[in-house]
Amino acid sequence: MLDKRLASPERRKLLGAFAGIATVSAAPVYANVFGFLKGAGDIRQLRMRAQRSGEEINIIYWIDGKYVKPALEEISYLMRDWRNDEHMDMDPGNIDNIAAVQALLETDEPFMLLSGYRTPATNAMLAARSRRVAKDSYHTKGMAADLRLQSRSMKQVSAAAQALNGGGVGRYYRSNFTHIDCGPNRTWRA
């Protein structure tokens, strides 16, 4: 579990220092998430903004074959359940999925995060309100995110995610977002 010290200005300066390295990545291979990441050079970067808190990150979370633990902690904190300010370690596999989709779409725009981690209580409350919420959601396991980009359509985002074969991809038309998780490969529309 993370604590609120991760959001301190000193911590952000340290983690922001990694972002300056981002321009040295090599051209990726786009066959799937693992092929993409294998050819991605020596770094992996994620740009994301949390809709509810307004917090934003532009962070390198993988360098020279290794995840940067403080960067993963910062991402996990950003992706917390905003309803009760609880968080858990997000699955690096899904962070890789999201970063790969961002690279495939060739955009520097941060993903808008609508939902990352959800506590079981939050998920149960949402499931009681809508049949579109899975009772055993990957959100409760730190393995899913609901995302949107203003510069790309939901269809473009979901097509890029599907091309990776890195997990589940859902299109939510009414709310205009794409669900990306690192569970089994599957697709759905709602």
Side-chain angles (χ1 to χ4, degrees), residues 1-30 32-82 85-119 138-149 157 160-161 164 166-167 178-183:
M1 289 282 180
L2 305 171
D3 64 31
K4 292 185 180 189
R5 292 175 291 163
L6 293 175
S8 72
E10 295 81 21
R11 178 107 170 145
R12 291 197 182 275
K13 283 181 191 174
L14 171 68
L15 294 170
F18 290 118
I21 306 170
T23 57
V24 298
S25 68
V29 177
Y30 297 141
N32 59 46
V33 71
F34 303 107
F36 164 75
L37 295 170
K38 182 178 179 187
D42 295 326
I43 65 165
R44 297 178 194 164
Q45 181 177 5
L46 182 68
R47 288 173 294 287
M48 185 179 291
R49 177 182 303 129
Q51 179 183 26
R52 296 291 178 160
S53 70
E55 296 166 321
E56 187 169 337
I57 56 173
N58 180 358
I59 196 165
I60 292 175
Y61 67 91
W62 189 89
I63 300 174
D64 292 329
K66 295 180 183 157
Y67 288 103
V68 179
K69 186 172 175 151
L72 291 177
E73 291 172 350
E74 185 81 6
I75 293 167
S76 293
Y77 184 76
L78 178 88
M79 296 180 76
R80 69 192 179 276
D81 186 332
W82 60 270
D85 205 32
E86 288 186 36
H87 49 274
M88 72 176 304
D89 292 340
M90 297 301 289
D91 190 306
N94 207 46
I95 295 169
D96 287 339
N97 283 338
I98 296 165
V101 168
Q102 205 160 37
L104 276 172
L105 294 172
E106 298 178 341
T107 181
D108 288 331
E109 177 190 348
F111 265 113
M112 179 62 69
L113 174 70
L114 306 177
S115 181
Y117 170 66
R118 289 184 201 148
T119 63
Y138 282 100
H139 286 279
T140 64
K141 301 169 185 174
M143 297 172 62
D146 297 337
L147 305 161
R148 142 185 334 138
L149 285 172
V157 173
L164 299 172
T178 303
H179 168 99
I180 299 173
D181 70 49
C182 59

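For this chain, numbers begin at 1 and follow the sequence in order. Every value quoted in this text rests on a predicted model; they were computed, and no experiment measured them.
Residues N97 and V101 are not in side-chain contact: their nearest non-hydrogen atoms beyond the backbone lie 4.5 Å or more apart. The shortest side-chain heavy-atom distance between L114 and M112 falls under the 4.5 Å cut-off.
Note that CG of L147 is 7.5 Å distant from OG1 of T178, once rounded to the nearest 0.5 Å. To the nearest 0.5 Å, the span separating CD1 on I75 from CE on M90 amounts to 10.0 Å. Within the model, atoms OH of Y138 and CD1 of I180 stand 15.5 Å from one another, a figure rounded to the nearest 0.5 Å. To the nearest 0.5 Å, atoms CG (L46) and CD (E74) are separated by 11.0 Å. D181 contributes atom CG, which lies 9.5 Å from atom CG of D146 (distance to the nearest 0.5 angstrom). Between the CD atom of E56 and the CE atom of M48 there is a distance of 10.5 Å, given to the nearest 0.5 Å.
Contact between L78 and A50 at its shortest, heavy atoms only, is CD1-CB, 3.9 Å. Contact between Q45 and A99 at its shortest, heavy atoms only, is O-CB, 3.4 Å. Across all their heavy atoms, R47 and T107 have their closest contact at NH2-O, 3.0 Å. Of all the heavy atoms in L164 and A100, the pair that sits closest is CD1-CB, 3.6 Å. Minimum heavy-atom separation, C182 to G93: CB-C, 4.1 Å. Residues A145 and L113 share a closest heavy-atom pair of CB-CD1, 4.0 Å.
Ring centroid separation for the pair Y117 and H87 does not come in under the 6.0 Å cut-off.
In this structure, a donor-acceptor pair under 3.5 Å is absent between the side chains of D81 and H139.
Classified by interplanar angle (parallel below 30°, tilted 30° to 60°, perpendicular above 60°), the ring pair W62/Y67 is perpendicular.
Side chain of Q102 to main chain of E109: a donor-acceptor pair is present (N/O by atom type, distance under 3.5 Å, no hydrogens or angles).
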